[in-house]
Amino acid sequence: MTQKTSVLATENDTPQDDNILKAAKLKKLAAFEAAGGNAFPHKFHRTDRAGDLQEKYASLENGVETTDKVTIAGRIMAMRNNGMFIDLHDPSGKVQVFCHKDSTPAEVMAQLDYFDLGDIIGVSGTVRRTPRGELSVRAIELTMLTKSFAPLPDKYHGLTDVEARYRQRYLDLIMNDQSRNTLRTRTKIVRAIRDFMNGIGAMEVETPLLHGIMGGASAKPFITHHNALDSNFFLRIAPELYLKRLVVGGFADAVFEIGRNFRNEGVSPRHNPEFTMIEAYHTYFDYYDVMTHIEDMVRYVVQTVHGTTSIQYGEHTLDFGAPWQRKTMVGIVQEETGVDFLTITDPAAARAKAKELGVHVEANANWGQVVEAIFAEKGEHKLIQPTHVMDHPFDISPLSKLHRDNPLLTERFESYANGWEICNAFTELNDPRDQLARFQDQVAAREAGDEEGMMMDEDFITALEYGLPPTGGWGMGIDRMVMLLTNSTNIRDVIAFPTLKPIGGGAK
RNA sequence: GACCGUGUAGCUCAGCCGGUAGAGCAACUGACUUUUAAUCAGUAGGUCGCGGGUUCGAGCCCCGCCGCGGUCACCA
């Protein structure tokens, strides 16, 4: 019987690194390189992926050996019996590697001493299923592909520290199936949305993130500075006004943009300072057409991602298959409070009514703000099944066209599911005279101290003066949608690298 | 921004009334083996988030600060 000793057994140098675990790996690396090994080769040719092998050999019976030779590559996630069994993971799945002295050459067995958990290796060998049922590759060759210096977390408990999971997402992805699946589902959702939009002939476009004038939404902005132009810019809070300019230009019958917006507001389980939205504009749509379109698209996305049109979120089953409910905002307020605000249009009277209902509103709130506040407090959270909330007050909808039947209202709707707003849409305001007046109202509110009021965008007015055809537009928060479809309770779980406070305070 | 909670080994967690800092995994040295969180023996590993204070003595008590989480406010 031969005495088996570690390649490190004779080494006696003191670890230089303060982390003893890293030092051990570096020592192993040094021994490997001293023996002529390349820990970071440039290229490796693999023939198969772990997950594909699992599918291909799904019916291979326990204890059966094949002569099929495969070459795989992946990260060592577990080693048992001194490396006799290795769990090798690649993005498609996992397969076990089996190294045995009877079939694996001695010089190849010796390689095992250089391997650590976390290393990325290549394996060539034959496919078998062990008597206990684990699909394995019986190793004939082992190749170091990337040496890992950092120790992996506990193989059983994994990485659970939430801060570490967000700050070191790479490690989270290595360790946690759920994180991987959630972020992969995000990718699939975005692809499904894009496929649907392309399928109806909409043109995907890109518009500026650096805005000289803030507009398109009500929000506090980030401000940045361009040196050569010696100008401050706002990071965009919405792409809306640029997308409509494209429609004015006759660029396409429908345009859409999927991109990041930035709002300098609170961080919460449902708010990240940078978030992803899709906005789209369809010529000759009114908001009824947009409602149908949203239902079709969401149904397609849910079906594509989940294979069914109803999904589970927490305790609720959400059905995106059936036609969505359509309710007016004032109608919901009336349902919940018994008060018909269409008959209380004086702002002071409306504010008084709000107070009576126990809803706090600002002292100078206008009629629309009162209605919205009551809706938000009394009605919003009850909208579990997909619902279009229609006909928002004119004075909270500065880019929406007035309602064809009631000038207090606009042809706007917000779609809700699970109590969350997932979509905001309207028949676009295209009368430049009206738009100018709305902007003037916004500017006045701004001057009165409303930080979120829009700024006057004269060029946008000019664009409308050339003629924006009748158009329906909408925006949808992708992150919220991903949360719904992945049963996630925190927006940070659906963003690969959520905004966190920089260690050490960040840029000053 | 306010309130509540939390921070101990690379990871996951214990740590009593204030009395020498603990375990499992990972690592290292061996043993053994067709394993599935392999097993067995041994070894090493700590700025107890940071800074003050109280005390003979602080991981624990007090004050301040920092990070993270939750709730609220604002918002999508």
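So that the names make sense, note that chain A is the first sequence line, chain B the second, and so on, each numbered from 1. Here the structure is a predicted model, which means the values were calculated and not measured. Computation of the quantities below employed the complete heavy-atom set of this structure, encompassing side-chain atoms and omitting hydrogens, waters and symmetry-equivalent molecules.
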TODO: Taking atom C1' in both B/U33 and B/G45, compute the distance separating them and give it to the nearest angstrom.
DONE: 28 Å
- [ ] Would you check if A/Y416 and A/I384 make a side-chain contact, meaning some heavy-atom pair closer than 4.5 Å?
- [x] no
- [ ] Determine if the base of B/C62 is syn or anti; take syn to mean the glycosidic torsion is within 90° of 0.
- [x] anti
Task: Separation of B/C28 P from A/K28 NZ (nearest whole Å) - done: 4 Å
Open item on the list: Hydrogens and angles aside, do A/E411 and A/T427 bring a side-chain donor and acceptor to less than 3.5 Å of each other?
Closed with: yes
Open item on the list: Can you measure A/M79 atom CE to B/C32 atom C1' for me and round it to whole angstrom units?
Closed with: 17 Å
Task: Exercise: do A/D172 and A/N176 side chains pair donor with acceptor under 3.5 Å - done: yes
Open item on the list: Just by distance, no angles: are the side chains of A/T182 and A/D493 close enough, under 3.5 Å, to form a donor-acceptor pair?
Closed with: no
Open item on the list: Can you measure A/W474 atom CH2 to B/A76 atom C1' for me and round it to whole angstrom units?
Closed with: 15 Å
- [ ] Name the nucleic acid region contacted by A/E421, choosing base, sugar-phosphate or nothing; use a 4.0 angstrom heavy-atom cut-off, strictly under.
- [x] sugar-phosphate
Open item on the list: Within the 4.0 Å heavy-atom criterion, would you say A/N490 contacts the bases, only the backbone, or no part of the nucleic acid?
Closed with: sugar-phosphate
Task: Whole angstrom value for the distance that separates C1' of B/A76 from CD of A/E452 - done: 12 Å
- [ ] Remember a base hit wins even if backbone is also touched, and classify A/G266 as base, sugar-phosphate or nothing at under 4.0 Å, heavy atoms.
- [x] base
Open item on the list: Taking 4.0 Å as the cut-off, does a side-chain nitrogen or oxygen of A/R492 come that near to OP1 or OP2 on B/G70?
Closed with: yes
TODO: For B/C11 versus B/A26, give the span between their C1' atoms, rounded off to a whole number of Å.
DONE: 7 Å
- [ ] Find the distance between NZ (A/K147) and NZ (A/K28) and round it off to the nearest 0.5 Å.
- [x] 5.5 Å
Open item on the list: Distance check needed: B/G69 C1' versus A/D493 CG, whole Å only.
Closed with: 12 Å
TODO: Answer yes if the side chains of A/D119 and A/Y114 hold a donor-acceptor pair under 3.5 Å, and no otherwise.
DONE: no
TODO: Name every residue in residues 119-128 of chain A that has at least one heavy atom under 4.0 Å from any atom of RNA chain B, in order of residue number, or write none if there are no such residues.
DONE: A/R128
Task: Centroid-centroid under 6.0 Å between A/F426 and A/F413 rings - done: no
Task: Nucleotide nearest A/L117 (side chain, heavy atoms from C-beta), chosen from B/A27, B/A76, B/U34 - done: B/A27
Open item on the list: Can you list, in residue-number order, the parts of residues 157-173 of chain A that come under 4.0 Å of RNA chain B, counting heavy atoms only?
Closed with: A/H157, A/G158, A/L159, A/T160, A/D161, A/V162, A/E163, A/Y166, A/R167
TODO: Take atom C1' in B/G15 and the same atom in B/A9, then report the distance between them in whole Å.
DONE: 14 Å
- [ ] Verify the ring-centre separation between A/W420 and A/Y313: is it less than 6.0 angstrom?
- [x] yes
Task: Options B/C68, B/A37, B/U36, nucleotide nearest the side-chain atoms of A/K501 - done: B/C68
TODO: Kindly point out which of B/U33, B/G70, B/U36 is positioned nearest to the side chain of A/N82?
DONE: B/U33
Task: A/E134 backbone acceptor or donor facing A/S136 side chain under 3.5 Å - done: yes
Task: A/H293 and A/F196 aromatic centres sub-6.0 Å - done: yes
Open item on the list: Taking the side chain as everything from C-beta on, heavy atoms only, tell me whether A/M84 gets closer than 4.5 Å to A/R80.
Closed with: no
Task: Side chain to side chain, A/Y242 and A/K244, heavy atoms closer than 4.5 Å - done: no
Task: A/K25 NZ to B/C28 P, straight-line distance once rounded to whole Å - done: 7 Å
Task: Nearest-nucleotide comparison on RNA chain B, the residue closer to the 5′ end among A/D154 and A/A78 - done: A/D154
Task: A/N490 versus A/R270, side-chain donor and acceptor atoms under 3.5 Å - done: no
Open item on the list: As a test of reading the structure: which of B/C28, B/U34, B/A26 is closest to the side chain of A/K155, going by heavy atoms?
Closed with: B/A26
Open item on the list: Is there aromatic stacking of A/W420 on B/A76 here, judged by a ring-centre distance under 5.5 Å and a plane angle under 30°?
Closed with: no
Task: Closest-nucleotide 5' rank along RNA chain B - winner of A/Y156 and A/R270 - done: A/Y156
Task: Selected nucleotide, minimal atom distance to A/H100 side chain, candidates B/U34, B/C28, B/C11 - done: B/U34
Open item on the list: Given B/C74, B/U36, B/A26, identify the nucleotide with an atom nearest to the side chain of A/Q96.
Closed with: B/U36
Open item on the list: Between B/A2 and B/A58, how many Å separate the two C1' atoms, rounded to a whole number?
Closed with: 30 Å
Task: Distance, P atom - from B/U43 to B/G5, rounded to whole angstrom - done: 41 Å
Open item on the list: Between B/A41 and B/C25, how far apart are the two P atoms, rounded to whole Å?
Closed with: 10 Å
- [ ] Round to a whole Å and report the spacing from CD of A/E372 to P of B/C74.
- [x] 11 Å
TODO: Run through A/L173, A/L171, A/L159 and flag the one making a side chain to side chain contact (heavy atoms under 4.5 Å, CB included) with A/R165.
DONE: A/L159
Open item on the list: If we count only N and O atoms by modelled type, under 3.5 Å, do the side chains of A/D391 and A/Y287 hold a donor and an acceptor together?
Closed with: yes
Open item on the list: How many whole angstroms separate atom CE of A/M175 from atom P of B/C11?
Closed with: 12 Å
Open item on the list: Taking only the C1' atom of each, what is the distance from B/C61 to B/C16 in whole angstrom?
Closed with: 15 Å
Task: Atom C1', compared across B/A31 and B/G70: separation rounded to whole Å - done: 49 Å
- [ ] Identify which nucleotide among B/C32, B/A27, B/G70 has an atom closest to any side-chain atom of A/A24, counting heavy atoms from C-beta outward.
- [x] B/A27
Task: Stem segments of RNA chain B by first residue number [Watson-Crick or G-U, under 3.5 Å, at least 3] - done: B:1-7 with B:66-72, B:10-13 with B:22-25, B:27-31 with B:39-43, B:49-53 with B:61-65
- [ ] Answer yes or no: side-chain N or O of A/N81 and base N or O of B/U33 forming a donor-acceptor pair under 3.5 Å.
- [x] yes
TODO: Could you tell me whether A/L500 contacts a base, only the sugar-phosphate backbone, or nothing, with contacts defined as non-hydrogen atoms closer than 4.0 Å?
DONE: sugar-phosphate
